[in-house]
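Notes follow the structure.
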Amino acid sequence: MISIVDDDHFVRDAVGALVQSLGYEVATFESAEHFLRSRRLAETACLITDVQMPGLSGLDLQSRIAADGHRIPVIFLTASQKRGSEGAR
């Protein structure tokens, strides 16, 4: 099971559809808090999460999961650019 946590429903749906198209089972969550309260945590083989979200950030989520003894690989997504970066044109 691949769990996807992102407060932007467009990103959440797009990433979920992509991962499903690769043959994986997917669960999506609108916040870190919803993910932590779900029963899917124990089933999660990989977590894809946004870095910046209201409430717990993706980094906070990773820390909480690790502190609770779960060893889940995490892929971080972000839409923010560093100040002064060129970005795609």
Q | Members sharing Tyr24's hydrophobic cluster (side chains within less than 4.5 Å) | A | Ile2, Ile4, Val11, Val15, Val19, Leu22, Val26, Ile48, Ile75, Leu77
(Q) I need the full list of ring-ring contact (aromatic ring centres under 6.0 Å, His included) pairs touching residues 36-67, with sequence neighbours left out, sorted by first then second residue. (A) none
Q) Excluding sequence neighbours, so at least two apart, what forms side-chain hydrogen bond (donor to acceptor under 3.5 Å, both in side chains) with Thr44? A) Ser3
Q) What salt bridge (charged side-chain N to carboxylate O under 4.0 Å, His left out) pairs are there with at least one residue in residues 3-28, not counting sequence neighbours? A) Glu25-Arg40
Q.
Can you tell me how far apart CD (Glu30) and CG (Asp50) are? Round to the nearest 0.5 Å.
A. 13.0 Å
Q | All pairs passing ring-ring contact (aromatic ring centres under 6.0 Å, His included) where residues 31-79 contributes a residue, at least two apart | A | Phe29-Phe35
Q: Taking all non-hydrogen atoms of both residues into account, name the closest pair between Pro73 and Ala45 and its distance.
A: CD-O, 3.2 Å
Q. How long is the span from the CE atom in Met1 to the CD1 atom in Ile72, to the nearest 0.5 Å?
A. 11.5 Å
Q | Other cluster members, Leu18 - Ile/Leu/Val/Met/Phe/Trp/Tyr, side-chain contacts below 4.5 Å | A | none
List the atom pairs, donor and acceptor, that lie under 3.5 Å between side-chain atoms in residues 54-67 and the rest of the protein, sequence neighbours left out.
unit_1: Ser57; atom_1: OG; unit_2: Leu59; atom_2: N; d: 3.3
unit_1: Ser57; atom_1: OG; unit_2: Asp60; atom_2: N; d: 3.0
unit_1: Ser57; atom_1: OG; unit_2: Asp60; atom_2: OD2; d: 3.2
unit_1: Asp60; atom_1: OD2; unit_2: Ser57; atom_2: N; d: 3.2
unit_1: Ser63; atom_1: OG; unit_2: Leu59; atom_2: O; d: 3.2

